[in-house]
There are 2 protein chains.
Amino acid sequence: MNRSPHSRAAAPSPTFSPLYRQIKDLILKSLEAGEWQPGDAIPSESELAVRFNVSQGTVRKAIDEMAAENLLVRRQGKGTFVATHSDPRSFFRFLRLIPNEGELQPSTSVPIECGRAKAGADVARMLGLAPGAPIIIMRRLLELGGEAVVFDEIYLPGELFQDLTLDVLKQSDKSLYDLFESRYGVRMIRAEERLRAVAAEGVAAELLHVDEGSPLLLVERVAFTYGNKPVEWRRGFYATRNFHYFNELA
Amino acid sequence: MNRSPHSRAAAPSPTFSPLYRQIKDLILKSLEAGEWQPGDAIPSESELAVRFNVSQGTVRKAIDEMAAENLLVRRQGKGTFVATHSDPRSFFRFLRLIPNEGELQPSTSVPIECGRAKAGADVARMLGLAPGAPIIIMRRLLELGGEAVVFDEIYLPGELFQDLTLDVLKQSDKSLYDLFESRYGVRMIRAEERLRAVAAEGVAAELLHVDEGSPLLLVERVAFTYGNKPVEWRRGFYATRNFHYFNELA
DNA sequence: GTTCAGTCTTTTGTCTTATAAAAGACATAA
DNA sequence: TTATGTCTTTTATAAGACAAAAGACTGAAC
């Protein structure tokens with residue numbers, strides 16, 4: 001570690017970075033290496049301070065940033081924990097769909113199909129794979145309060161999800177990202193979504209019980225794991241009769 | 001100010017709040033009162049520390065939070081500045097529309113109509129007004145790279161925007177929120193958006209040059225100023241042939 | 001035995017102080 | 001005129017001391 005970043009004698013150091021950020025990188029590396037599992041407590045601030053030979057305040061600032069990025073969760077008096085998709089609070093972060101009126105509905109994922117294929121040009125580009133690399137294609141329906149609301153087509157790199165089959169999906173009662181995290185060790189930490197209005201057609205129209213040509217909200221998503229690595233591409237058709245996509249501009 | 005929040009002798013204080021948050025509230029009050037204008041520098045951290053009789057670090061933590069909320073902007077070596085909508089960087093925050101391919105386009109606002117009316121039940125509810133209170137209704141088209149992409153219907157409380165007319169809008173070359181801020185002293189700091197897909201009809205279809213019944217993205221927005229006070233309700237129809245709504249889930 | 005109140009330990013949170021880096025103005029020498 | 005150094009003002013970083021929150025543990029009261 002560069003412990004004397006301020007001495008400019010030796011190197012004007014284009015790679016300069018303050019102490020707390022170096023600590024952050026170290027913690028991130030431990031996280032990525034699986035030293036602490038999702039839901040687990042990480043060592044206390046003072047322990048980490050001793051381990052890295054810095055003050056508690058410096059460790060704290062590193063953790064502050066990671067908590068702001070939803071990688072860690074602090075609880076006063078208890079400790080700091082690795083964020084997990086099994087925590088229901090982290091759920092809404094990745095499904096911004098709420099009813100036009102009334103309370104939030106419990107959601108059910110209905111797997112329809114899950115197979116293997118070779119990446120076409122578009123999927124390869126989105127996932128940073130070579131064209132022809134093995135991928136998994138999954139289709140599923142999302143029901144909210146008994147109503148079919150979202151039809152998803154999901155593309156995953158085959159390498160990371162070796163034994164993922166339709167059966168595995170049907171067995172699981174967790175959310176997809178919870179499953180990915182607990183069974184395959186792939187943690188989604190960030191996503192980009194692109195929204196358009198399109199006309200319903202084919203399977204989507206049928207499964208969502210809407211007329212051909214009626215408007216649907218198309219949500220395309222790329223989800224990233226540690227190191228900004230894309231590991232999921234998804235195309236979702238949302239029927240927005242009774243639900244809408246909620247977003248806060250802050 | 002409650003300078004000894006930790007002494008529990010006097011009051012178990014259900015309204016306890018740490019020092020830095022009390023400072024934050026004070027700075028916020030100054031901001032709200034217009035003591036410093038958008039774009040201006042606020043006093044330095046050490047000046048504020050003297051003024052409030054606390055340490056620089058405590059002022060700093062207060063400002064940190066406000067910078068995270070986009071109320072203030074820090075610049076090392078220069079000072080801390082009141083955020084402003086005239087800063088182009090703050091622009092994308094409130095218009096999340098980007099081209100499917102190619103660079104970001106410069107946008108032009110084309111005012112169509114601007115009149116006064118009395119608030120109906122729905123607008124009154126959204127803006128926290130009494131039904132029948134005076135409001136302003138404005139319609140406009142947003143063009144990106146020469147193409148008509150968004151048709152907006154905007155509802156404002158009449159009281160806050162006294163002399164706002166179609167002419168004023170036509171005269172201005174600023175963004176709407178920049179105009180609101182500089183001319184009426186109303187600063188938008190946060191907004192909630194609800195998105196749906198709908199079928200194009202009437203004026204919207206016509207102005208956006210799309211067929212009746214073709215899909216449009218409907219974006220309903222409530223925008224808030226200081227103290228979480230709603231001061232704008234807006235219904236926007238987005239034609240998403242060549243553009244899409246971009247959102248980051250972080 | 002069970003319950004309740006106090007006490008102790010461990011954890012994150014708050015606040016202060018000292019010092020570094022960044023930016024720019026200004027003077028001065030080439 | 002142009003560069004170069006120096007001084008001042010600003011935010012940024014780092015460390016240390018102490019407070020509040022949470023929970024486990026102890027032991028007395030019943």
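Every chain is numbered from 1 and lettered A, B, ... according to where its sequence line falls, protein lines coming before strand lines.
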Legend entry - Spacing of A:Y20 atom OH relative to D:dA12 atom P, expressed in whole Å: 9 Å

Inset, instruction - Identify whether any heavy atom of A:G79 sits under 4.0 Å from a base atom; if not, whether one sits that close to sugar-phosphate; answer base, sugar-phosphate or nothing. - result: sugar-phosphate

Legend entry - Nucleotide nearest A:Q76 when distance is taken to its side chain, options D:dA21, C:dT16, D:dT13: D:dA21

Inset, instruction - Please tell me which of the listed nucleotides, C:dC15, C:dG13, D:dA12, lies nearest to the side chain of A:E45? - result: C:dG13

Inset, instruction - Please state whether the rings of B:F246 and B:F92 are parallel, tilted or perpendicular, taking 30° and 60° as the class boundaries. - result: tilted

Inset, instruction - Whole angstrom is fine here: how far is it from CZ in A:R60 over to P in C:dT11? - result: 14 Å

Inset, instruction - Measure from the side-chain heavy atoms of B:V54 and tell me the nearest of C:dG24, D:dA15, C:dT16. - result: C:dT16

Inset, instruction - Rounded to the nearest angstrom, tell me the gap between atom CD1 in A:I42 and atom P in C:dT10. - result: 18 Å

Inset, instruction - State, without any angle test, whether A:E181 and A:T84 hold a side-chain donor-acceptor pair at a distance under 3.5 Å. - result: yes

Inset, instruction - Can you figure out which of C:dT12, D:dT13, C:dT14 approaches the side chain of A:T80 most closely? - result: C:dT12

Legend entry - Nucleotide nearest A:K78 when distance is taken to its side chain, options C:dT11, D:dG23, D:dT13: D:dG23

Inset, instruction - Specify the separation, in whole Å, of atom CD of A:Q56 and atom C1' of C:dT12. - result: 8 Å

Inset, instruction - Could you say whether A:G77 or B:G57 is positioned toward the 5' end of DNA chain D, judged by the nucleotide with the nearest heavy atom to each? - result: B:G57

Inset, instruction - Identify whether the distance between the nearest side-chain nitrogen and carboxylate oxygen of B:E69 and B:K24 falls below 4.0 Å. - result: yes

Inset, instruction - Grab the CZ-P distance between B:R74 and C:dA23 for me, whole Å please. - result: 15 Å

Inset, instruction - Consider only side-chain N and O atoms of A:N247 and B:Y245, and report whether a donor and an acceptor are under 3.5 Å apart. - result: yes

Legend entry - Out of D:dA14, D:dA12, C:dT12, whichever nucleotide has its closest atom nearest the side chain of A:T58: D:dA14

Legend entry - Rounded distance (Å) that lies between atom C1' of C:dC15 and atom CG of A:D64: 14 Å

Legend entry - Nucleotide C:dT11, atom C1' - distance to CG of A:L72 in whole Å: 15 Å

Legend entry - Toward the 5' end of DNA chain C, by each residue's nearest nucleotide, B:S55 or A:R75: A:R75

Legend entry - Residue pair A:R190 / A:N228, side-chain donor-acceptor N/O under 3.5 Å: yes

Inset, instruction - Among the candidates D:dT10, D:dT13, D:dA17, find the nucleotide nearest to the side-chain atoms of B:E47. - result: D:dT10

Legend entry - Between D:dA19 (P) and B:K61 (NZ): distance, integer Å: 17 Å

